[in-house]
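In the text below, chain A, chain B and the rest are named by the order of the sequence lines, each starting its count at 1. Source: prediction; values computed, not measured. Note: hydrogens, waters and symmetry copies are ignored here, and every other heavy atom, side chains too, is used.
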There are 2 protein chains.
Amino acid sequence: MATVLTRKERERTERENRILQLAREMLQEVGYLGLSMDRIAAEMEYSKGTIYQHFRNKEEIILALANEALETRLAMFERAATWPGDSRTRMAAIGAAAEAFVERYPMHFAVEQIVRSSSIWEKTSEERRQFMDACEGRCLQIVGGIVRDGLSQGDLELPPGRSAEDLVFGLWSLNFGAYTIISSSGSLKENGITDPVEALRLSQNRMLDGHNWRPLSSDVDYPGVMDQVKREMLKDE
Amino acid sequence: MATVLTRKERERTERENRILQLAREMLQEVGYLGLSMDRIAAEMEYSKGTIYQHFRNKEEIILALANEALETRLAMFERAATWPGDSRTRMAAIGAAAEAFVERYPMHFAVEQIVRSSSIWEKTSEERRQFMDACEGRCLQIVGGIVRDGLSQGDLELPPGRSAEDLVFGLWSLNFGAYTIISSSGSLKENGITDPVEALRLSQNRMLDGHNWRPLSSDVDYPGVMDQVKREMLKDE
DNA sequence: TCTCATTATCGACTCTTCGTCATTTTTTGA
DNA sequence: TCAAAAAATGACGAAGAGTCGATAATGAGA
């Protein structure tokens with residue numbers, strides 16, 4: 001009896017994964033507007049009603065994809081945060097993880113962008129929204145922890161009234177903004193920005209230098225560290 | 001004959017503006033997904049066909065709104081760039097203009113976000129896309145000009161191989177990312193980021209400090225300058 | 001003022017998609 | 001084997017995008 005239930009449940013989750021996988025591919029090909037429940041059903045060779053047994057509407061599918069994305073990044077951040085070294089080096093490792101995430105899972109990042117700008121929130125379930133917030137919060141905490149380590153070890157200072165999270169917010173904004181612009185602006189090269197990812201690294205390092213987070217980027221080869229971390233993170237599979 | 005044509009043309013552009021105004025309001029109320037051509041037509045008391053004489057599809061309306069947004073910001077940047085003072089102070093003025101833009105025209109910024117993440121590009125006309133790129137490029141040039149002024153006056157240095165535009169890209173990403181996250185994340189306060197706009201200012205100043213752009217933010221009250229610029233820019237009407 | 005060609009406007013129509021739900025099919029366990 | 005429960009189906013209603021032939025307004029010339 002127990003095994004029967006689990007077999008059913010296994011089938012269910014497996015089908016759910018198939019739906020999500022298909023939705024991801026579709027999203028890649030035809031974009032958010034082209035994503036259609038009818039087409040998903042047809043491609044799955046299931047009826048529409050069955051698809052709706054898994055996800056109450058289209059937005060739930062999108063948000064489920066976004067949840068996977070945030071979960072994936074959270075895992076990568078958790079791993080990067082344990083990189084050996086001083087606080088600033090660990091911060092560089094986080095930066096490398098963020099880069100690796102976008103490179104390794106471009107669709108994940110694209111979904112996150114969609115979720116952050118379309119008004120899909122109202123139609124989605126409370127749970128998934130909370131999951132999203134939870135992942136976001138955990139990520140903030142992880143990176144904030146590194147900042148707090150640095151603060152307690154005297155590697156950097158913050159002005160009175162500003163929190164470790166404020167600093168993290170700056171890094172987060174910089175990264176999210178940079179990749180969004182990269183993926184949506186057609187005229188970067190024409191305007192003298194030949195290697196935006198390199199420009200992002202520079203800005204990031206200069207921001208941390210501005211916080212006087214030692215050792216400064218002029219004294220350590222952080223790009224080298226980042227390349228090393230990335231290689232390590234992208235290694236398996 | 002000439003006057004007849006101009007009257008007709010005036011009527012035409014006026015109606016076009018009415019459509020855009022209406023679309024903007026609708027976007028505010030019901031979001032991108034709720035924006036409907038039928039509803040625009042009904043509200044305008046014109047038939048759908050007439051609306052389609054102005055805009056070949058829904059995406060064109062969105063992009064037209066985005067064009068207005070970029071045009072507005074360009075004007076604000078042009079004005080801010082002439083603020084008297086050294087290069088770094090003028091940079092602070094640009095930052096203030098960016099803030100003022102989002103505060104004064106939140107809908108403009110929201111439209112920009114939509115355009116940057118939905119896949120509406122394929123359906124839109126070449127001209128409007130070019131206009132978009134042109135505004136973007138001009139903005140980059142204006143801010144890049146301030147950086148070049150600073151470089152030539154020895155107020156800051158850049159590593160070899162990095163351009164003034166690379167620096168601007170960092171600021172641009174930081175700002176765009178920050179406002180996107182602010183408008184889409186429900187859990188900033190819960191995670192210790194009580195005043196994200198203040199956090200953005202800090203990050204921005206620290207980034208410029210990291211570029212060693214003098215005078216440093218520790219020596220000048222740039223937030224005070226920014227408040228002053230903003231007051232000036234938001235003054236008229 | 002009247003005529004007629006040109007231009008503008010209209011809205012019914014097609015097509016597509018979302019989401020529902022009564023009906024049919026399959027599974028389960030006695 | 002069989003009846004009840006669960007799962008799957010797809011026809012259907014509603015709503016929106018975009019088209020196009022029919023209709024109305026305009027205005028230049030007679």
Discussion item. I'd like to know if B/E136 and B/R116 make a salt bridge, using a cut-off of under 4.0 Å between side-chain N and carboxylate O.
Written reply: yes
Discussion item. Check B/R148 with B/E165, please: is the shortest side-chain N to carboxylate O separation under 4.0 Å?
Written reply: yes
Nearest 0.5 angstrom please: [X] [atom1] to [Y] [atom2], how far?
| X | Y | atom1 | atom2 | result |
| --- | --- | --- | --- | --- |
| B/R162 | A/I193 | CZ | CD1 | 10.5 Å |
| A/Q141 | A/F77 | CD | CZ | 13.5 Å |
| A/D133 | B/N191 | CG | CG | 8.0 Å |

Discussion item. Counting only heavy atoms and a strict 4.0 angstrom limit, can you tell me which residues of residues 110-131 of chain A come near DNA chain C?
Written reply: A/K123
Discussion item. Contact list please: residues 32-40 of chain A against DNA chain C, heavy atoms, distance less than 4.0 Å, in numerical order.
Written reply: A/L35, A/S36, A/M37, A/D38, A/R39
Discussion item. Any side-chain N or O of B/T50 below 4.0 angstrom from OP1/OP2 of C/dA8?
Written reply: no
Could you state the [atom1]-[atom2] distance from [X] to [N], rounded to the nearest angstrom?
| X | N | atom1 | atom2 | answer |
| --- | --- | --- | --- | --- |
| B/Y52 | C/dT9 | OH | P | 17 Å |
| B/E11 | C/dA8 | CD | P | 11 Å |
| B/Q53 | D/dT19 | CD | C1' | 12 Å |
| A/R12 | C/dT27 | CZ | P | 17 Å |
| B/E59 | D/dG16 | CD | C1' | 12 Å |
| B/H54 | D/dG18 | NE2 | C1' | 16 Å |
| B/E45 | C/dC10 | CD | C1' | 14 Å |
| A/K58 | C/dT20 | NZ | P | 15 Å |

Fill in: Side-chain donor or acceptor of B/K230 paired with backbone N/O of B/A97 under 3.5 Å
no
Practice prompt. Look at the rings of B/Y179 and B/F109 and say which category their plane angle falls in: under 30° parallel, 30 to 60° tilted, over 60° perpendicular.
Written response: perpendicular
Practice prompt. Give the ring-plane orientation class for A/Y105 versus A/F101, where under 30° counts as parallel, over 60° as perpendicular and anything between as tilted.
Written response: tilted
Response to the item:
From the candidates C/dT9, D/dG18, D/dA8, the one with an atom nearest any side-chain atom of A/R15 is D/dA8
Worksheet item: Nearest to the side chain of B/S47, which nucleotide is it out of C/dG19, D/dA17, C/dC10?
Response: C/dC10
Item to complete: Could you check whether B/K48 gets within reach of a base, just the sugar-phosphate, or nothing at all, counting any heavy atom under 4.0 Å?
Response: base
Item to complete: Carefully, step by step, assess A/H54 and A/R15 under the rule side-chain hydrogen bond (donor to acceptor under 3.5 Å, both in side chains).
Response: CA-CA 9 Å; A/H54 288 268; A/R15 187 162 58 189; 3.0 Å; yes
